[in-house]
Amino acid sequence: MTEEIRSGIELMFAGMGIVFIFLAMLVVAINLMSAVLQRYFPDRSSKLLFVSSSIDKSTVAAITAAVHQYRSKHY
Amino acid sequence: MTEEIRSGIELMFAGMGIVFIFLAMLVVAINLMSAVLQRYFPDRSSKLLFVSSSIDKSTVAAITAAVHQYRSKHY
Amino acid sequence: MTEEIRSGIELMFAGMGIVFIFLAMLVVAINLMSAVLQRYFPDRSSKLLFVSSSIDKSTVAAITAAVHQYRSKHY
Amino acid sequence: MENLLSLWHSTGLYNFTGGQAFMMLVGFVLLFLAISKGFEPLLLLPIGFGAILSNIPVAEIAHEGGLLYYLYYGIKMGIFPLLIFMGVGAMTDFGPMIANPKTLLLGAAAQFGIFASLLGALALNIIPGLEFSLKDAAAIGIIGGADGPTAIYVASKLAPDLLGAIAVAAYSYMALVPLIQPPIMRALTTEDERKIEMQQLRDVSKAEKIVFPLMLLLLSVLLLPSATPLIGMFALGNLMRESGVVERLSNTAQNELINIVTIFLGLSVGSKLSAEAFLQLKTLGILALGACAFAIGTAAGVVMAKIMNRFSSTLINPLIGAAGVSAVPMAARVANKLGLESNPHNFLLMHAMGPNVAGVIGSAVAAGVLLSLVK
Amino acid sequence: MENLLSLWHSTGLYNFTGGQAFMMLVGFVLLFLAISKGFEPLLLLPIGFGAILSNIPVAEIAHEGGLLYYLYYGIKMGIFPLLIFMGVGAMTDFGPMIANPKTLLLGAAAQFGIFASLLGALALNIIPGLEFSLKDAAAIGIIGGADGPTAIYVASKLAPDLLGAIAVAAYSYMALVPLIQPPIMRALTTEDERKIEMQQLRDVSKAEKIVFPLMLLLLSVLLLPSATPLIGMFALGNLMRESGVVERLSNTAQNELINIVTIFLGLSVGSKLSAEAFLQLKTLGILALGACAFAIGTAAGVVMAKIMNRFSSTLINPLIGAAGVSAVPMAARVANKLGLESNPHNFLLMHAMGPNVAGVIGSAVAAGVLLSLVK
Amino acid sequence: MENLLSLWHSTGLYNFTGGQAFMMLVGFVLLFLAISKGFEPLLLLPIGFGAILSNIPVAEIAHEGGLLYYLYYGIKMGIFPLLIFMGVGAMTDFGPMIANPKTLLLGAAAQFGIFASLLGALALNIIPGLEFSLKDAAAIGIIGGADGPTAIYVASKLAPDLLGAIAVAAYSYMALVPLIQPPIMRALTTEDERKIEMQQLRDVSKAEKIVFPLMLLLLSVLLLPSATPLIGMFALGNLMRESGVVERLSNTAQNELINIVTIFLGLSVGSKLSAEAFLQLKTLGILALGACAFAIGTAAGVVMAKIMNRFSSTLINPLIGAAGVSAVPMAARVANKLGLESNPHNFLLMHAMGPNVAGVIGSAVAAGVLLSLVK
Ligand code: NA
Ligand code: NA
Ligand code: NA
């Protein structure tokens, strides 16, 4: 086994080691962060994404059109 | 009073002087320009901004939609 | 006639010659390409441009508005 | 083993210096101000991030071979601030100022903050350990211009070492305008003065708006060529906007181009927030003088309005004088808000836009004076 | 007092030279043409503004340390014109040309204007005081290509000193196409010829449009490598457009990127409008030769169409030959307008687009010839 | 006559070398793959075009004075890949990963492909005629990161000569992910494992999304400063996105700016596809090793998921382990598709996005290791 291969193997162990250590620490850090933030800043704005609108579509059509027309004239 | 402070004070007078002279001349220049332009090029296009439209909103809705559909197909 | 003018005239003949040769060869190449492609890949997608839609405009208005509203909420 | 040791020696933890750690903290504070407090986020977010990046040990992102080193050339050559100024010009409507040109004088008066704090910087030299050269003092004074690109442009020419602190001070105080200005404005005006209603502004024609940037440039060419890079690019942007014939260029100048340059400018400014340059007594001096500059500029604008009222029958509400520091459009909004407090039917916003944009011109002129006289 | 004197000595008024004043006037004239007359405003507005900026006394914006000095590197290195050419490629539809390829020959013939005015420039050397080198003559001739980025690219390589005048001439005459071309077109055609209706163009398939830019590039590689920077970037833009798989790149190339580069290119070209370079007899020669180049190119295109009609049964309306000079799309519109005058049902626009875009290729080929043979 | 001869001597036909012809063919093949097969067209189209342009005889577009020579500085200085990484950061939603952080370990495992192929490259040195230095091997290994800008950044620092081949391999294999991964994924999993349904992901708050990029940056600063240029710009982009206060900068970063840089980056990478550099046995080695890297990374991700299932009660569908190689978002889609084949009600897409974006971080970390240890 050449010197180069040896340093390659060393590099592999060091590299995979660091990658795992780094990402494992990131797992810990995320868990910690989520715990802290969910406790002290419990906003869940993303939930809003699933709220569906029940406004009558034709009303919307009129509003949209009005906004469009307003913008193209006044902006 | 140090030499530096003296040159600072000189700079202050020169600087504020020039700033005032510059902007005062700009006042004169603007007044002159406005007088000339309002006399010879009396357009007041910005007035148009306040003209409001009285087209029926639903007509607009239809037009807007048609334009949209046209564009998405033909452009 | 100076030396320079002579080289200018030479340049003119060489230049116009090459421009014509180049574009003439491009004519040949395009004709060849079109023949080959029209035979083996006879798509004519551009025709689609002239197909006109017959969907009822007010339906379109409703759809457009709905899409707009959806997008502004969900994107 | 050797590898592990060399790895440990290459970690940030091993190589951190106290100064770097502190400057990264400064970067995080700027990010916090930008994101949570809404302090000029468009600039302070990239500046804060640049401060963090440039203080990372080992990585040397702000040294030759690193990204921030190359981006900084855009400031060194004056390209970034001038392009931003062009974009700002393309966003600016000079209509209210042209409709009431005497408000330009308010924009002139408010520049007093610049020269007062310049003098203040020189005076601070009596404190042992503080040593501001005339160039330093001029670069610090320009914070009082309340105009980011102008401050960065001047500081990059006169005192590049102080650039980081100056830019941070300028943008922070611009964000603090709603806190700094009102007490000064209230102290210098009576309730009656704050109630003054101003007559409605006339419409300004397209021709006037097109001719104005050219006239501005010409005046600057004749009187103060050293201000023409700034005023020229500003006028170019404004001409692209008002001429109406190059709408696609104008749109790009005020959107994509200014956005790209803002990211680059912010990061490059942040790269000047190194421990050696920032962790000095000077920085405290800069922060203190910057605050004074804003305060003095505000006061000067208000007082100027009151003086003008002595000599004119059509009264000016002195609140709009404070807008002369520029800090567009916050200072104008502050004037509007205080006006509404005293008189709920008194909308000063458009009237305040006049001195507000005049303040941009005023500080560009002051920058030209400094660049030409300070050597 | 000393300070005041030094201030006066730093004003533009004190330092103005006659040449600078005249060149600033030229800049204002270009702005006027761009804004009031609609002469190619996208280019002439920044060029005119650049001319003003670069001739400001004291400020030295076009010298080392100034913005225009650095922007000019984008031209010096050939980057700006090539990026604009890429954007133009992304905007060009070769469909009408592929549908009727023989119109390419009209685009070839119209390049005669280039070489005729090249010869004219050399002939002008008999006038005492005028001295055009072969390189100068070639750079002047390319005005006849009626294609901005090509002219700038060639001039920046062969005669950078003449770049300003050449670019101004090229864009001005392109704006004047609706005035220059019609009399020539009417003089060289009969009423019957102008009435010729052409058969409707066939649809061109997506595959043909995708293969075309590659074929064009390949031909240029084999025959004329010196034209490949221009033709290559043009083909890249067109391939991005037609391939349909990189729509976001294509959109950026024909919008934001080309807008940004246009601003920079215009300013940099303007920075070459210095008194020393422009206020010469040469400039008059360039303007005169440029007009000739357009006129001769127009005539050559029309005559070529008439010659082709001798040898072919499917007739070509000779008016569309004039579109071969390029000046996209004005020249094609001129052909269409004159056609409608003679025959209100004769829409030549799409037919004229063929020679029109062929003219772009033709002048890029001519540019390649000049760059490879003129040394 | 002389002129004609000199013209013939300046044609591409006369000057073509076999190598150039072959490399242009490679360029056309890349264009074909990009346009007809939809192989990562945003990159492979400009890369292919760049390959053609840079191999044109005589024109020397990739040599001093040519466009591609100047554009390449953007890679040489590391600017282009970092700006693209910033844009990618602004496009990335870390929500799914934050909701299920242990999927980060899948992204770690998949980086095994990088180091295995690094070792493979060194092993290939036993073949006579192949000689990969440790730097070469590291640059080749990074192909296994399945992340374009990271690969280009590392290759430009460690082995610029191999940059062209490495970038082509990286993007080609990313396009081939839907072909490379499924057989490996099927071979390493049982039908029952592929049927595993995962519990729905919780909502992630805005605050968590804002803090995450800062935490990521901080960790990288402390542990691995050499990765901070990559991770820093990525975090900056993500912070601009999630902070919500600089929407216009975020939009520009993920649209116009990334588009402009993509065009430039692609062309510059293509300029490294010269015959001398590419037509070597090494290139075959790179292509072979790159394929192995993808395959090994995929396998490692899947196996890691199976190992984790041994130690945890909440099961992970091992298919999502394959998404750990990154290749966002194709690898996640592949996992989703295979999941649906086994269980039509099992939508794995969001679950696979976690390891998918973790893979981007993982390979940036691996890049940092290589840049700091390989000298
Ligand atoms: Na100001
Ligand atoms: Na032409
Ligand atoms: Na990866």
Side-chain angles (χ1 to χ4, degrees), chain E residues 73-74 76-83 85-87 90 153 157 206-207 210-211 213-214 217-233 235-240 242-253 255-261 368-369 371-373 375, chain F residues 3-4 6-16 20-21 24 27-28 31-32 34-46 48-50 52-61 64-71 73 252 254-264 266-267 270:
Chain E
Y73 273 93
K76 204 172 181 178
M77 295 172 167
I79 296 174
F80 291 163
L82 292 180
L83 291 180
F85 223 50
M86 179 177 73
Y153 185 76
K157 301 276 177 191
K206 193 166 172 274
I210 294 176
V211 172
L214 295 172
L217 174 62
L218 205 59
L219 196 62
S220 160
V221 168
L222 294 178
L223 286 192
L224 195 62
S226 55
T228 49
L230 281 167
I231 286 184
M233 292 307 282
L236 171 58
N238 195 245
L239 184 65
M240 294 199 303
E242 301 296 356
S243 67
V245 292
V246 290
E247 213 180 330
R248 54 184 293 166
L249 301 187
S250 167
N251 284 339
T252 295
N255 290 295
E256 292 80 22
L257 181 53
I258 204 173
N259 290 346
I260 292 171
V261 176
V369 173
L371 288 173
S372 99
L373 291 188
K375 265 157 202 154
Chain F
N3 238 340
L4 274 186
S6 101
L7 256 176
W8 164 241
H9 286 172
S10 74
T11 61
L13 267 175
Y14 179 83
N15 287 283
F16 248 119
Q20 287 170 327
M24 288 188 57
F28 279 108
L31 291 182
F32 173 77
I35 296 171
S36 278
K37 301 290 166 196
F39 272 34
E40 294 280 324
L42 291 173
L43 265 298
L44 287 188
L45 190 147
F49 214 92
I52 297 172
L53 289 181
S54 62
N55 282 288
I56 295 173
V58 185
E60 310 223 305
I61 303 178
E64 189 155 5
L67 179 65
L68 299 190
Y69 177 84
Y70 298 117
L71 289 184
Y73 273 94
T252 294
Q254 50 186 301
N255 290 293
E256 293 78 21
L257 180 53
I258 203 174
N259 289 347
I260 292 172
V261 176
T262 298
I263 296 173
F264 293 173
L267 288 173

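All values below were derived from every heavy atom in this structure, side-chain atoms included, with hydrogens, water molecules and symmetry-related copies excluded. Note on naming: letters A, B, ... go to the chains in the order of the sequence lines (proteins, then strands), and numbering restarts at 1 for each one.
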Which bit of [X] comes within less than 4.5 Å of chain E, counting heavy atoms only: side chain, backbone, both or neither?
| X | result |
| --- | --- |
| F/Leu13 | both |
| F/Tyr14 | neither |
| F/Leu68 | neither |
| F/Leu71 | neither |
| F/Asn255 | both |
| F/Tyr69 | neither |
| F/Ser10 | both |

Is [X] in contact with chain F via its backbone, its side chain, both, or neither, using a 4.5 Å heavy-atom distance?
| X | value |
| --- | --- |
| E/Lys76 | neither |
| E/Ala235 | both |
| E/Leu371 | neither |
| E/Ser372 | side chain |

Can you tell me which of [options] forms the most heavy-atom pairs within a distance under 4.5 Å of chain F?
| options | result |
| --- | --- |
| E/Val245, E/Leu82, E/Val369 | E/Val245 |
| E/Leu239, E/Leu236, E/Leu223, E/Thr228 | E/Leu236 |
| E/Ile260, E/Leu214, E/Leu218 | E/Leu214 |

A side-chain contact here means heavy atoms from C-beta on lying under 4.5 Å apart; do [X] and [Y] qualify?
| X | Y | result |
| --- | --- | --- |
| E/Leu249 | F/Pro46 | yes |
| F/Phe264 | E/Ile79 | no |
| E/Glu256 | F/Thr252 | no |
| F/Leu53 | E/Met233 | yes |

Rounded distance [0.5 Å steps], [atom1] in [X] versus [atom2] in [Y]:
| X | Y | atom1 | atom2 | answer |
| --- | --- | --- | --- | --- |
| E/Met240 | F/Ile35 | CE | CD1 | 11.0 Å |
| E/Ser220 | F/Ile56 | OG | CD1 | 6.5 Å |
| E/Met86 | F/Leu267 | CE | CG | 7.0 Å |

Seminar exercise, completed: Correct closest heavy-atom pair for E/Val221 and F/Pro57 would be CG1-CD, 4.3 Å
For this session: Kindly give the heavy-atom pair with the smallest separation between F/Ala59 and E/Pro225, and that separation in Å.
Result: CB-O, 3.5 Å
For this session: Name the member of F/Ile258, F/Leu67, F/Val58 that forms the most heavy-atom pairs with chain E at distances under 4.5 Å.
Result: F/Leu67
